[in-house]
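Scroll down for the structure; my scribbles are underneath it.
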Protein chains: 2
Amino acid sequence: MTLNITMQALSDPTRRKILELLKKKDMSVTEINKNFDITMPSLSHHLGVLKQADLITYRRQKQELIYSLNLSVFENVAKILIKFFKK
Amino acid sequence: MTLNITMQALSDPTRRKILELLKKKDMSVTEINKNFDITMPSLSHHLGVLKQADLITYRRQKQELIYSLNLSVFENVAKILIKFFKK
DNA sequence: ATATAATTTAGACAGTTGTCTAAATATCTA
DNA sequence: TAGATATTTAGACAACTGTCTAAATTATAT
């Protein structure tokens with residue numbers, strides 16, 4: 001995990017909102033999309049960025065792809081940021 | 001303080017390094033610059049972004065501008081991020 | 001007042017990013 | 001095997017970003 005890729009991923013408000021949604025429950029792309037006013041390809045792009053940062057994972061369930069928070073990485077990022085902000 | 005501007009400011013590695021330096025001690029622009037391989041105008045740009053995000057402040061000391069961490073905002077950002085990362 | 005030192009502002013430029021439309025891929029169901 | 005559904009890939013484009021050089025600003029010291 002490189003902090004740079006992680007922070008870049010976190011710098012966009014849409015992506016932060018996706019993470020907030022996935023904190024509550026796993027969701028398909030279509031379900032995530034209902035919370036935004038962007039096209040599916042745009043959302044797919046954001047999911048790609050979050051995937052590359054290893055912040056989310058997905059599994060297939062019939063036709064749908066179900067995305068989830070990658071909890072271990074998410075918590076690791078939290079630790080690193082807390083350390084960064086510790087004076 | 002808007003999280004968006006803050007996160008945008010934190011997304012660049014040079015700016016994060018500037019904050020790390022200022023965590024240790026207040027520094028003039030020239031002194032900060034010795035830690036990087038960029039021109040003064042580029043550094044000045046980064047300081048501007050951090051200023052706009054209210055993460056740093058400065059005072060004049062003779063010819064020099066001495067930059068410091070804006071501790072209250074810095075700690076507030078920490079709180080917000082910890083909350084964000086809390087599952 | 002003039003020269004020097006410290007920093008910012010102005011303007012340009014290449015690279016990155018977020019968005020879109022159109023097309024492709026993958027899976028399920030009838 | 002078709003047709004429908006879910007999602008991604010490809011390619012284009014405007015906006016934003018980080019960098020630079022050159023010039024301007026601000027303050028000090030001679």
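Naming: A, B, ... by sequence-line order, numbering from 1 per chain. A quick note: this is a predicted structure, and the numbers were derived from the prediction, not measured.
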Separation of C/dA6 C1' from B/Tyr58 OH (nearest whole Å): 13 Å

Spacing between A/Ile18 atom CD1 and D/dT7 atom C1', to the nearest angstrom: 14 Å

Contact nearer the 5' end of DNA chain C, comparing B/Leu65 with A/Thr14: B/Leu65

Side-chain N,O (A/Arg15) to OP1/OP2 (C/dG18) below 4.0 Å: yes

Closest to the A/Gln63 side chain, choosing from C/dC28, D/dT7, D/dT26: C/dC28

A/Lys23 charged N/C atom sitting above A/Phe74 aromatic ring, 6.0 Å / 45°: no

Nucleotide D/dT5, atom P - distance to CD1 of A/Ile66 in whole Å: 18 Å

Sugar-phosphate only, base, or nothing, as touched by A/Tyr67 at under 4.0 Å among non-hydrogen atoms: sugar-phosphate

Value in whole Å for how far the C1' atom of D/dG18 lies from NZ of B/Lys17: 16 Å

Protein-nucleotide distance (B/Leu43, atom CG; C/dA6, atom C1'), rounded to Å: 12 Å

Nearest listed nucleotide, side chain of B/Ser42, among D/dA29, D/dT19, C/dT8: D/dT19

Nucleotide C/dT7, atom P - distance to CD1 of B/Ile32 in whole Å: 8 Å

Flag for B/Ser72-B/Asn70: side-chain donor and acceptor within less than 3.5 Å: yes

Pair A/Glu75 + B/Lys86, salt bridge at N-O below 4.0 Å: no

Pair B/Glu31 + B/Lys25, salt bridge at N-O below 4.0 Å: yes

Contact under 4.0 Å: A/Lys62 side-chain N or O vs C/dA26 OP1/OP2: no

Flag if over 12 foreign heavy atoms under 6.0 Å of CD, A/Gln52: no

Candidate nucleotides C/dG18, D/dA10, C/dT7, ranked by approach to the side chain of A/Pro41 - the nearest: D/dA10

A/Met40 CE to C/dT25 C1', straight-line distance once rounded to whole Å: 14 Å

Nucleotide D/dT21, atom P - distance to CD1 of B/Ile38 in whole Å: 12 Å

Touch class at under 4.0 angstrom, heavy-atom based, for A/Glu64 against every strand present: sugar-phosphate

Among D/dT7, D/dT8, C/dC20, the nucleotide that comes nearest once only the side chain of A/Thr39 is considered: C/dC20

Out of D/dT7, C/dT7, C/dT17, whichever nucleotide has its closest atom nearest the side chain of A/Ser28: D/dT7

B/Leu47 or A/His46, whichever maps to the more 5' nucleotide of DNA chain C: B/Leu47

